[in-house]
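Atom set for the values below is all heavy atoms of this structure, side chains included, hydrogens, waters and symmetry mates excluded. In each ligand, atom 1 is the first atom listed, and ligand 1 is the first ligand listed.
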Amino acid sequence: MTHPAPTELLDLARTVALTAGALAHRRRAEGVEIAASKSSPEDIVTAADREVELLIRGLLADARPGDGFYGEESDATSGTSGLTWVVDPIDGTVNYLYGIPFYAVSIAVVQGDPDPASWNALAGAVVNPALGEVFTAAEGSGAWLGDHRLHVNHDVPLSLALAGTGFGYEATRRVWQASVVGGLIGQVRDIRRIGSAALDLCSVACGRLDLYFERGLNPWDYAAGALIAREAGARVGALQADAEGRDLLIAAAPDLYDQFEPVLAALFDRFPVAAENSRK
Ligand code: LIP
């Protein structure tokens with residue numbers, strides 16, 4: 001099934017993400033309302049998360065009625081075109097709640113089933129409305145911050161790598177993740193916890209981070225950011241040749257990835273993954 005060029009799909013992703021970002025920013029200024037909690041009391045959804053996803057869904061359905069939709073806050077629908085939009089309306093929801101200016105609208109379009117193990121990402125846009133930053137990538141056309149082309153940091157020894165990571169919404173997992181970070185922190189320059197996987201991946205793409213890794217992410221958290229990091233020259237994956245996924249996502253320049261992989265594998269052996277009692 002033919003589809004528009006990735007750059008054409010990117011134009012739509014960027015336009016919709018900017019419109020959605022403006023709404024999220026406005027609602028932020030008006031005051032944030034928690035609508036519910038999901039997998040744990042810490043895992044909140046705000047009224048704005050839902051409103052922004054509804055806006056995105058409507059704009060994409062108007063522009064491309066045959067496409068599927070796979071978003072964080074509403075039921076997935078499959079399409080007839082072979083393309084699916086993978087959407088996180090506000091990635092970094094806790095930052096959004098606290099007014100920390102690191103949250104983002106993340107929109108990607110993939111070919112094939114909305115499954116990271118098999119999909120082919122064609123275009124992605126990540127908009128941070130609080131900082132007015134627009135990260136974009138189309139398959140084969142590079143990664144950009146506005147009209148500035150992005151490249152990952154190369155030739156960084158692990159001992160001098162600034163590493164980003166994150167913690168889940170379930171306490172047992174956070175304790176396990178902190179043990180791994182405790183084992184790693186003496187082997188890298190320092191650790192950053194930005195609070196949005198989409199912005200962490202864009203930070204690797206633009207060289208604000210040398211390396212990012214996290215366990216427990218959902219496809220909508222990283223669909224666009226992973227394409228942007230890849231198009232900036234990063235390797236994105238898990239351990240060995242595994243594709244990135246819920247179990248683990250790593251992103252770094254290939255040479256740093258090769259240094260980091262055995263270190264992380266050794267930390268996973270030292271700190272076996274704790275049994276978790278939450279769904280997420
Ligand atoms: C967040 C991720 C972040 C992770 C948080 C959460 P959300 O997504 O972007 O990397 O550490 O636990 O999953 O819930 O804000 O869409």
Side-chain angles (χ1 to χ4, degrees), residues 17 20-21 24-25 27-28 32-53 56 70-74 76 85-108 116 124-130 133 135 163-178 180-181 184 191-205 208-209 211-229 236 238 244-251 274 276 278-280:
H25 196 47
R27 293 289 179 261
R28 175 59 250 170
V32 175
E33 187 199 320
I34 295 178
S37 62
K38 300 189 282 187
S39 65
S40 68
E42 303 98 304
D43 183 8
I44 52 113
V45 56
T46 69
D49 281 279
R50 292 175 173 169
E51 186 186 5
V52 172
E53 180 151 321
I56 293 170
Y70 183 52
E72 176 167 11
E73 309 301 352
S74 56
W85 295 88
V86 184
V87 170
D88 191 335
I90 300 179
D91 187 50
T93 298
V94 173
N95 284 352
Y96 185 73
L97 176 67
Y98 282 80
I100 300 169
F102 284 94
Y103 59 88
V105 176
S106 175
I107 299 180
V126 171
V127 168
N128 176 343
E133 293 192 326
F135 294 91
T165 193
F167 303 89
Y169 287 123
E170 198 276 324
T172 314
R173 173 178 299 161
R174 286 197 298 277
V175 171
W176 174 77
Q177 288 167 317
V180 169
V181 167
L184 178 66
I191 299 279
R192 292 290 179 273
R193 198 298 191 238
I194 290 174
S196 156
L199 292 175
D200 282 307
L201 287 159
C202 290
S203 297
V204 170
R208 289 175 188 163
L209 289 174
L211 156 70
Y212 167 64
F213 71 102
E214 187 161 354
R215 171 185 162 76
L217 295 172
N218 291 292
W220 47 73
D221 294 323
Y222 59 83
L227 177 67
I228 292 165
V236 181
E244 67 276 16
R246 185 189 295 281
D247 271 354
L248 182 65
L249 179 147
I250 304 171
E276 294 161 12
S278 94
R279 290 183 308 285
K280 192 170 180 186

Legend entry - Basic-acidic side-chain contact under 4.0 Å: Glu214, Arg192: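 The answer is no: the pair does not qualify as a salt bridge.
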Under 4.0 Å from a heavy atom of [X]: give me the atoms of ligand 1 that qualify, with their elements.
| X | result |
| --- | --- |
| Asp88 | 16 (O) |
| Thr93 | 15 (O) |
| Gly92 | 7 (P), 15 (O) |
| Ala197 | 2 (C), 3 (C), 9 (O), 10 (O) |
| Glu72 | 14 (O), 16 (O) |

Inset, instruction - Report the member of Asp91, Val45, Asp200 with the shortest heavy-atom distance to atom 8 (O) of ligand 1. - result: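 Of the listed residues, Asp91 has the closest heavy atom.
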Inset, instruction - Using distance alone, determine whether Phe167 and ligand 1 share an N or O pair under 3.5 Å. - result: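 Yes - when backbone and side-chain N and O of Phe167 are compared with those of ligand 1, one distance drops under 3.5 Å.
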Legend entry - ligand 1 N/O within reach of Tyr169 N/O, cut-off under 3.5 Å: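 The answer is yes, given that Tyr169 and ligand 1 share an N or O pair closer than 3.5 Å.
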Inset, instruction - Check whether any side-chain N or O of Arg193 sits under 3.5 Å from a backbone N or O of Gly166 as a donor-acceptor pair, and report yes or no. - result: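 Looks like no, no N/O pair under 3.5 Å.
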Legend entry - Flag, side chain of Asp91 to backbone of Ala198, donor-acceptor distance under 3.5 Å: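 Between the backbone of Ala198 and the side chain of Asp91 there is a qualifying donor-acceptor contact (under 3.5 Å).
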What's the separation between atom [atom1] in [X] and atom [atom2] in [Y], rounded to the nearest 0.5 Å?
| X | Y | atom1 | atom2 | answer |
| --- | --- | --- | --- | --- |
| Glu42 | Tyr169 | CD | OH | 9.5 Å |
| Tyr103 | His25 | OH | NE2 | 5.5 Å |
| Leu249 | Arg215 | CG | CZ | 12.5 Å |
| Ser39 | Ile44 | OG | CD1 | 11.0 Å |

Legend entry - Leu217 heavy atom under 4.0 Å from ligand 1: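 Under 4.0 Å: yes for Leu217.
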